[in-house]
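Written below as structure tokens is the structure these notes are about.
Reminder, nothing fancy here: chain letters follow the sequence lines and each chain counts from 1. The shown structure was predicted, so the numbers you read here are calculated from the model rather than taken from an experiment.
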Amino acid sequence: MSTRPKARAVSLTVRELAERLGLSFEGDGAVVVSGVAGLDRAGRGDRSFLAHPRFRPHLEKTGASALILAPGVAWDRTPVLRAENPHPAFVRATELFFKPFRPDPGIHPTALVSASAKIGRDASIGALCWIGDGAEIGAGSILHPLVAVYPGVRIGRNAVIHSQVTIREDVSIGDNVILHAGVVIGSDGFGYIKGPDGRHIKIPQIGSVRIEDDVEIGANSTVDRAALGETVIGKGSKIDNLVMIAHNVEIGTNTILIAQTGIAGSTKVGNNVITGGQAGLADHVTVGDNVFIAAQAGVAKDIPAGSMVGGSPHLDIKDWLKLSALLPQLPELVKDLKRLKTKLEELDKK
Amino acid sequence: MSTRPKARAVSLTVRELAERLGLSFEGDGAVVVSGVAGLDRAGRGDRSFLAHPRFRPHLEKTGASALILAPGVAWDRTPVLRAENPHPAFVRATELFFKPFRPDPGIHPTALVSASAKIGRDASIGALCWIGDGAEIGAGSILHPLVAVYPGVRIGRNAVIHSQVTIREDVSIGDNVILHAGVVIGSDGFGYIKGPDGRHIKIPQIGSVRIEDDVEIGANSTVDRAALGETVIGKGSKIDNLVMIAHNVEIGTNTILIAQTGIAGSTKVGNNVITGGQAGLADHVTVGDNVFIAAQAGVAKDIPAGSMVGGSPHLDIKDWLKLSALLPQLPELVKDLKRLKTKLEELDKK
Amino acid sequence: MSTRPKARAVSLTVRELAERLGLSFEGDGAVVVSGVAGLDRAGRGDRSFLAHPRFRPHLEKTGASALILAPGVAWDRTPVLRAENPHPAFVRATELFFKPFRPDPGIHPTALVSASAKIGRDASIGALCWIGDGAEIGAGSILHPLVAVYPGVRIGRNAVIHSQVTIREDVSIGDNVILHAGVVIGSDGFGYIKGPDGRHIKIPQIGSVRIEDDVEIGANSTVDRAALGETVIGKGSKIDNLVMIAHNVEIGTNTILIAQTGIAGSTKVGNNVITGGQAGLADHVTVGDNVFIAAQAGVAKDIPAGSMVGGSPHLDIKDWLKLSALLPQLPELVKDLKRLKTKLEELDKK
């Protein structure tokens, strides 16, 4: 059994919880809550959980010992914490019950840190990490075990870098950035020129990557360094697992790229964009702000700000939904056409 | 040259082979066999191989020194081992000639194992592995070098974990599980709520992952931990390379997910399902048992048990095949339609 | 700040640069150049860069201190180096200004190298690498930190293997091969036979992988070992990030596979083939030489040499482009068809 505090090891009364979250409560303040769960889960018998009523139908059958509800919702079967916005309140409650693992502050004795690297105050450098010459790790940042940091990398404050991550030379990473396990930042862009003999001659990829503050990048995603200049992931953007960002791509702020999205070289994606899973963007495309790109879409042309698109090659999403609904009728349409043809020929003979 | 026994270093006579496999044989029992090969390969001149006649056309031109054949198949050019089911017999023969590498049992002196971790009997913990507090590794399990096991992880018996794998905190992994190199289990699910200022606020992903017995997961695939509760990969399911399993997904037993499949959050996939390569399943979808989903399909709606589907958005596979066959005729259909229109107008004038 | 020489730390005069590149120059040979940039970048004020006029419109507004231009192009605003082929000259210039990081030659004291492994002259084995029994690393090759090399692996001369790479047992890798971070070579192929009880019985994957000379493989891509025989990546082929190569695939020479391409088992791809991003090739398909496969295409049938294809399932690219252009008109066509029907019925009544 683990000796580490687990998610459910913390217990608080409803009164304590209300105080810590700055919320009012109704009902018995002495009821003990020892974790959090979605209503559907808590409904399955785990009676000591604080539940978040995301799915209203589950409300009646919940087994939770307490709920977080908006002011208007009537409820007296358990104690209730009242929050104008139950979802963010639930998120904050979650944090009270769950302390994610972090290595102790300081440099683990088995980590290899270059004498010319600078490690900020209270940073944690996990076991068996390697940090190259001149790298800088900001205050409070965490490197989990087995991370590779090439020379000249700069990482800001309070970043979290999980195991098996590689950060190549001279990459710049902002504050509060989270890189999940297996992420690769700064690998060479994919660029060649064709020699006279058909061989591909590698174009040195001498640019870098800049990951701005508050970015999160999912497991095993890759961000290539620029051929020249920088590949940029803008502040607050969130990237899911197994996403590919090619060289010289520029992603704006607060943009979301769902899993297995691929973005080819030099493409520019605006702010607050969302791409669905497995979407693909060709090279040298410009996507405006607030664009939504549906899952599996294929984008080879510029998309103006505010558009919603789907399909491959992409269409306006309304046209694509209409087309998708019509396509299964194509066999029937073909029959219709043949019938018409026959009829017309008959008519013509008359 | 390697000092390790290679695949072809073992030699057995046909007689020895028959004994070990519990099969009868015909022909010269003294013929030496020193490896296994498909008939097509063995046909290319490597005469000392035991061949599996998967492809009948190759039978005549095989260069193999012996064959495994079903009872009815006539053959006298080489010795023959007779098996009711040649394929499983061939698989067992393969195992006689090939001992995959495993580190010696015990904990390598360079591995970092927490004092509170428990390592089962005859387990092998490879060089430069890191195992966190309270983790448990079952008897006979193998961790190849450079594996990261976060605190609170439980791994069953006889599991094989390859290099560069990361297993995040509190993940549970069953017996006989194989995780190939670069796999990430238990990375944070991709969940945010939008703040009033447009920023994405991370929802703590405090659930876990349960990988049941006999599961195999391919290189660089990722399985995210649940937001709340568990992401589950059911007993005996097999997952190929570069597959993405999002938070709170539940996969049944004996299901097969081919390479680069992506399954979004909270989707439930039944037992004995097969997804083709690059298939994508949207979030909150339910896929019944025994469903077949073709390569590159896009699934955004529930699929009842026993269905076969293809296309994006998905259709019944018969409809999709019909549609795929018709689509290339669309330009011709458009011309037909125009001709009809003209003809009708002419007729109308008359 | 980094103590390592950065890209821009080298400065050369135009005269020195011309000498080293074997080019003539016009203008002031004393002008100092301290880096390279594309014209668009250099145009943003970084005045000390040598620019490559890839994008002619940028020529007028460049801020570069010197240019590489073909003989015919008139220019007197800055010194000019003249090259018959400016692009390759630019590539060679790039190499003068950028020395990528490499660990010092020799075996880092924290690397674990088997006593039976052979390390070539001037090879660099980085910190915390693990190299198994009987492995061979050729002269001048570089293993960056945290690489796992299983027993029996052979790596040629002047290869570069980045951090977090795993090379499984008995894999063979040629000269000048580059494997980017997180690559997995030689993971088990995905092969099972179905047992009578519905369980999937693993077919031992006892073949290997052969990566020929001059191959480059992008971050987090995976190449599975053959069930029997070899998976082959031919000389000079270049593979982008997150690409999946299944067991027994054979790729020819100088072929290019763009990011997230997936190639299923036993498929054969010729020489000088290009696949676009997220293309998928089914198993047991043969693709001839000089084939172009568009992004997101789905290939389930053989493709003859010299073809260009797109779509899923794939069509000749001209047919696919025609179809893609027509599809959005389908709703209008359906309306047309209905109008015709009505008109014909009216006519029929008359």
Side-chain angles (χ1 to χ4, degrees), chain A residues 112 116 128 130 132-135 146 148 150-152 164-166 168-170 182 184 187-188 190 192-193 195 198-204 206 220 222 224 227-229 242 244 246 260 262 264 278 280 282 296 298 300 312-313 315 319 322-323 326-327 329-330 333 336-337 340 343-344 347, chain C residues 1-4 6-7 35-38 41 87-88 91 94-95 97-98 100-101 110 126-128 144-146 162-164 178 180-182 214 216 218-220 236 238 240-242 253-254 256 258-260 272 276-278 295-296 312 324 327-328 330-331 333-334 337 340-341 344 347-348:
Chain A
L112 291 170
S116 61
L128 303 167
W130 169 72
D133 294 346
L146 292 162
Y150 281 51
Q164 317 289 10
V165 164
T166 297
R168 289 276 308 273
E169 56 268 51
D170 298 332
V184 177
S187 36
D188 288 3
F190 193 73
Y192 305 91
I193 50 175
R199 290 191 311 118
H200 303 292
I201 301 163
K202 182 177 174 70
I203 302 173
I206 70 173
N220 283 345
T222 67
D224 277 358
L228 300 165
L242 293 167
M244 160 59 178
Q260 296 175 320
Q278 300 180 331
Q296 295 188 325
S312 176
L315 302 172
D319 294 334
K322 212 182 286 175
L323 178 61
L326 267 182
L327 272 177
Q329 303 170 27
L330 193 62
L333 291 172
D336 264 24
L337 192 62
L340 271 185
K343 208 164 175 180
L344 193 61
L347 215 65
Chain C
M1 283 299 299
S2 168
T3 60
R4 192 180 72 79
K6 292 252 189 157
V36 289
R41 280 275 160 186
H87 204 165
V91 165
T94 300
E95 289 163 352
F97 290 101
F98 184 70
F101 163 70
T110 62
L128 302 167
H144 285 276
L146 291 162
H162 281 282
S163 294
Q164 316 289 10
I178 302 174
H180 287 286
D214 306 324
E216 181 163 2
N220 283 345
K238 310 293 184 185
D240 202 347
N241 297 4
L242 292 168
T253 59
N254 293 331
I256 282 189
I258 302 292
Q260 296 175 320
N272 307 308
Q278 300 180 331
Q296 295 187 326
S312 176
S324 299
L327 272 177
L330 193 61
L333 290 172
V334 172
L337 192 62
L340 270 187
K341 216 169 165 177
L344 192 62
L347 215 65
D348 197 25

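Salt-bridge formation is detected for the pair A/Asp336/C/Lys341: a Lys NZ or Arg NE/NH1/NH2 atom is positioned less than 4.0 Å from an Asp or Glu carboxylate oxygen.
C/Ile256 is listed as a side-chain neighbour of A/His200, based on a closest heavy-atom distance under 4.5 Å. Residues C/Leu337 and A/Leu340 have side chains in contact (heavy-atom distance under 4.5 Å, counting atoms from C-beta outward). C/His162 has its side chain out of reach of A/Val184: every pair of non-hydrogen atoms, C-beta onward, lies at least 4.5 Å apart. Looking at heavy atoms from C-beta onward, A/Asp319 lies out of side-chain contact with C/Pro328 at the 4.5 angstrom threshold.
Nearest approach of C/Pro331 to A/Leu326, heavy atoms of both residues: CA-CD1, 3.3 Å. C/Glu95 approaches A/Pro204 most closely through the heavy-atom pair CG-CG, 3.5 Å. Contact between C/Phe101 and A/Glu169 at its shortest, heavy atoms only, is N-OE2, 3.4 Å. Contact detail for A/Met244 and C/Asn241: the closest heavy-atom pair is SD-ND2, 3.3 Å.
Heavy atoms of C/Ala295 lying under 4.5 Å from chain A are absent altogether. Looking at C/Leu330, both its backbone and its side chain come within 4.5 Å of chain A, counting heavy atoms on both sides. Heavy atoms of A/Ala148 lying under 4.5 Å from chain C belong to its backbone as well as its side chain. In this structure, the portion of C/His180 lying under 4.5 Å from any heavy atom of chain A is its side chain and not its backbone. Residue contact with chain C, scored on non-hydrogen atoms closer than 4.5 Å, is absent for A/Gln329. Heavy atoms closer than 4.5 Å to chain C are found in both the backbone and the side chain of A/Leu333. Heavy-atom distances place the side chain of C/Thr110, and not its backbone, under 4.5 Å from chain A. For C/Leu242, the part sitting under 4.5 Å from any heavy atom of chain A is the side chain, from C-beta outward, and nothing else.
Taken from CG in C/Asn220 to OG1 in A/Thr222, the straight-line distance is 6.5 Å, to the nearest 0.5 Å.
Contact count versus chain A (heavy atoms, under 4.5 Å) is highest, among C/Ser324, C/Gly236, C/Ser163, for C/Ser163. Taking C/Asn254, C/Leu128, C/Ile178 one by one and counting their heavy-atom pairs under 4.5 Å with chain A, the maximum is reached by C/Asn254. Here C/Asp240 is the residue among C/Asp240, C/Leu327, C/Leu347, C/Leu344 with the most heavy-atom pairs under 4.5 Å with chain A.
Checking side-chain atoms of A/Gln164 against main-chain N and O of C/Gly182 turns up no donor-acceptor pair under 3.5 Å. Panel note: side chain C/Gln278, backbone A/Gln260; a donor-acceptor pair is recorded below 3.5 Å.
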Going through the distances and angles, do A/Thr166 and C/His144 end up as a side-chain contact (heavy atoms from CB on, under 4.5 Å)?
CA-CA 11 Å; A/Thr166 297; C/His144 285 276; over 6 Å; no
